[in-house]
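See structure below.
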Amino acid sequence: MAVPLNVALPRVLILLFAGSLRSASAFAPAAPAALSRMASTAFLSPLRPATRWAAAATVGRKQRDPARTGLEMKGGGLDIASVAAVVVGRTLDTLGDLAMHVGRVSSGQAQDVGSMSVASSNTPWEVVDAESEEEDSDPRPRIVVLGTGWAAHAFVKVVDATRFRVVVVSPRNHFLFTPMLPSAAVGTVEYRSMSEAIRSSNPLLEYVEGEATGVDPTAQTVQVKLQALSRDEKTGAASPGTVSVKYSHLVVACGCRVADGIVPGAREHCLRLKDCDDALAIRERVGQVYEQASRPGTSKAEQERLLTWVIVGGGPTGVEIAGELSDFVRDMGVLFPKLKDVAKILLIHGGDALLP
C-alpha cells in the first residue's frame with residue numbers, strides 16, 4: 001500500500017513552506033530564535049506520522065515474510081506500492097533533515113548580531129589551576145564531542161546547535177573520508193578532496209585542538225592536553241598546557257587505533273594507513289625507492305628489494321592499497337622503463353578469504 005498523493009503531497013509542500021519560513025527568519029534580526037523552533041513544531045510534526053507509517057509498512061512486510069527484503073514480488077515483478085512506501089518515507093526523512101539544517105543556520109545567523117560578543121566572552125573551558133573561574137552565563141546544555149571521525153562528524157551535522165552548545169575536542173581539526181586514503185597514497189586523489197574542516201560541518205560549534213587525557217564524571221569535566229603547534233616547536237615555547245572542558249553531555253567518538261601490535265615489529269618498521277600523514281608518508285616513500293632503484297650502479301637484487309611492497313592484512317584497506325599500488329606500478333613503467341618488470345606487490349593475509 002503506497003502513500004496516497006493527496007496525503008503525501010500536501011505534507012511535502014508544508015515541509016517546503018516550513019523550510020522557507022525558517023530561512024526567512026535569518027533576514028529579520030529582530031525575530032526571536034523561537035520562530036525556527038515554532039516552525040519545526042507546527043509544520044514538521046505532521047510529517048512524522050507519515051514517515052513512521054511508511055517505515056511500519058516496510059517492517060510489516062518483512063515480518064510477514066522474513067526471507068524478503070520488504071519489496072514484495074507480484075506477478076513476477078516488484079510491488080509498486082511497497083517501493084512507493086519506501087521512497088516516500090526516505091524522501092520525507094531527507095526533506096525533514098534539510099529543513100532542520102536550514103532552520104539551524106538561519107537561527108544561528110539571527111542570533112549572531114546580539115549574542116556573538118557574549119559567546120566569545122563565555123569560554124566553556126578554563127586553564128587548570130587558574131586562580132579564578134570565569135562564570136559561564138550561556139543557559140544552553142553543553143555537549144562535548146571527543147573525536148572528528150565518522151560518528152562525530154555525523155553527529156555535529158545534525159545536532160541542533162541553537163538548543164545545545166557543541167564543543168568538539170580532537171587533535172585533528174577535520175573529518176577524513178578514509179576510503180580514499182589508498183588513492184591518496186599514490187597521488188590519484190588529493191587530500192583536500194577527501195577532508196572537511198570540522199568547523200565547516202557545523203558553523204555554530206566550538207573546537208578545541210587537543211587530546212582528551214581524562215574524564216571526571218562527578219565534576220563533568222574532560223581534561224584536554226592542547227596540541228603543540230608548529231610555531232611552538234620552532235620557537236621552543238613552553239607546552240601549551242592542559243585545559244578542563246565542562247560538559248552537560250559527553251559524546252565519546254574517538255574511533256580506534258591501528259592494530260599494528262599483532263605482528264611483532266610492525267609498529268617499529270612498517271608504514272600504516274590511517275590518516276593523511278600516513279598517505280603522504282607512503283607517497284614519499286614510493287617516489288624515493290623508484291629514484292633510488294634507478295640510480296646508476298644499483299644491482300638487480302637491490303632494485304628488486306627496493307621495489308617489493310609487502311602489505312599485511314587482507315581487509316578493505318589492504319586490498320584497496322594493493323590495487324592502487326598495482327595501477328601505480330603499471331603507470332610508473334612508462335617513466336622508468338628499465339624497472340617495468342622489477343616491481344612486485346605481495347599481500348599477506350592470515351585468513352582463508354580476502355575482505356572478511
Side-chain angles (χ1 to χ4, degrees), residues 104-105 107-108 111-112 115-178 195-233 237-261 272 274-278:
R104 182 184 68 187
V105 174
S107 298
Q111 296 178 28
D112 281 347
S115 64
M116 183 59 70
S117 60
V118 176
S120 61
S121 62
N122 294 324
T123 306
W125 53 83
E126 68 277 356
V127 179
V128 176
D129 298 331
E131 296 181 358
S132 61
E133 181 176 339
E134 187 177 357
E135 184 69 22
D136 189 357
S137 60
D138 194 327
R140 295 176 298 171
R142 181 178 299 113
I143 300 178
V144 174
V145 182
L146 303 183
T148 52
W150 290 88
H153 181 258
F155 176 78
V156 300
K157 272 187 171 292
V158 299
V159 67
D160 189 353
T162 61
R163 295 177 52 196
F164 300 96
R165 188 171 183 178
V166 182
V167 180
V168 177
V169 177
S170 175
R172 188 175 68 188
N173 65 357
H174 59 276
F175 164 74
L176 181 65
F177 190 77
T178 50
S195 61
E196 179 185 11
I198 195 64
R199 289 184 174 92
S200 300
S201 303
N202 187 336
L204 303 182
L205 63 78
E206 302 170 57
Y207 172 72
V208 181
E209 188 175 32
E211 180 180 354
T213 58
V215 177
D216 186 347
T218 303
Q220 292 188 314
T221 57
V222 178
Q223 303 301 316
V224 180
K225 181 181 179 181
L226 297 178
Q227 192 85 349
L229 304 178
S230 58
R231 181 174 178 82
D232 298 332
E233 297 174 353
S239 173
T242 302
V243 297
S244 179
V245 182
K246 305 174 185 177
Y247 69 85
S248 304
H249 308 281
L250 181 63
V251 178
V252 181
C254 299
C256 58
R257 297 181 181 272
V258 177
D260 53 4
R272 64 179 191 174
K274 181 67 175 178
D275 54 30
C276 287
D277 292 336
D278 300 334

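Computed from a predicted structure; not experimentally measured.
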Could you tell me which residues satisfy salt bridge (Lys or Arg N to Asp or Glu O under 4.0 Å) with R272, sequence neighbours excluded, listed by chain and number?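 Partners of R272 by the salt bridge (Lys or Arg N to Asp or Glu O under 4.0 Å) criterion, ordered by chain and then number, come out as D278.
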Under the salt bridge (Lys or Arg N to Asp or Glu O under 4.0 Å) test, which residues partner D277, sequence neighbours left out?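 So D277 forms no salt bridge (Lys or Arg N to Asp or Glu O under 4.0 Å) with any residue.
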Minimum heavy-atom separation for [X] to [Y], with atom names?
{"X": "S248", "Y": "P141", "answer": "OG-CA, 3.8 Å"}
{"X": "V145", "Y": "A152", "answer": "CG1-CB, 3.7 Å"}
{"X": "V144", "Y": "K246", "answer": "CG2-O, 3.3 Å"}
{"X": "V168", "Y": "G147", "answer": "CG1-O, 3.6 Å"}
{"X": "V156", "Y": "N202", "answer": "O-ND2, 2.8 Å"}

Rounded to the nearest 0.5 Å, what separation is found between the [atom1] atom of [X] and the [atom2] atom of [Y]?
{"X": "S244", "Y": "Q220", "atom1": "OG", "atom2": "CD", "answer": "11.5 Å"}
{"X": "T162", "Y": "D160", "atom1": "OG1", "atom2": "CG", "answer": "3.5 Å"}
{"X": "Y247", "Y": "I143", "atom1": "OH", "atom2": "CD1", "answer": "13.0 Å"}
{"X": "E206", "Y": "R165", "atom1": "CD", "atom2": "CZ", "answer": "4.0 Å"}
{"X": "L205", "Y": "R199", "atom1": "CG", "atom2": "CZ", "answer": "8.0 Å"}
{"X": "I198", "Y": "L176", "atom1": "CD1", "atom2": "CG", "answer": "11.5 Å"}

Residues in side-chain hydrogen bond (donor to acceptor under 3.5 Å, both in side chains) contact with D260, at least two apart in sequence or another chain: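 Listed in chain order: R267.
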Please identify each residue that fulfils side-chain hydrogen bond (donor to acceptor under 3.5 Å, both in side chains) with S195, with sequence neighbours left out.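 Result, side-chain hydrogen bond (donor to acceptor under 3.5 Å, both in side chains) vs S195: none returned.
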Enumerate the residue pairs fulfilling side chain to side chain donor-acceptor pair (under 3.5 Å) with a member in residues 168-178, sequence neighbours excluded, ordered by first and then second residue.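 Residue pairs passing side chain to side chain donor-acceptor pair (under 3.5 Å), neighbours aside: T148-S170, W150-T178.
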Partner residues of T218 under the side-chain contact (heavy atoms from CB on, under 4.5 Å) criterion, sequence neighbours left out: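 For T218 the side-chain contact (heavy atoms from CB on, under 4.5 Å) partners, ignoring immediate neighbours, are D216.
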Who are the side-chain contact (heavy atoms from CB on, under 4.5 Å) partners of E209, not counting sequence neighbours?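 With sequence neighbours excluded, E209 shows a side-chain contact (heavy atoms from CB on, under 4.5 Å) to Y207, Q227, L229, given in chain and number order.
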Any side-chain heavy atom of V222 sitting closer than 4.5 Å to one from V169?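 No. Closest side-chain heavy atoms not under 4.5 Å.
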Is any side-chain heavy atom of E211 closer than 4.5 Å to a side-chain heavy atom of C254?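 No - every pair of side-chain heavy atoms lies 4.5 Å or more apart.
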F164: which residues meet the ring-ring contact (aromatic ring centres under 6.0 Å, His included) condition with it, sequence neighbours left out?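 ring-ring contact (aromatic ring centres under 6.0 Å, His included) list for F164, sorted by chain: empty.
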ring-ring contact (aromatic ring centres under 6.0 Å, His included) involving H153 - partner list, sequence neighbours excluded: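 Scan of H153 (ring-ring contact (aromatic ring centres under 6.0 Å, His included), adjacent residues dropped) gives F175.
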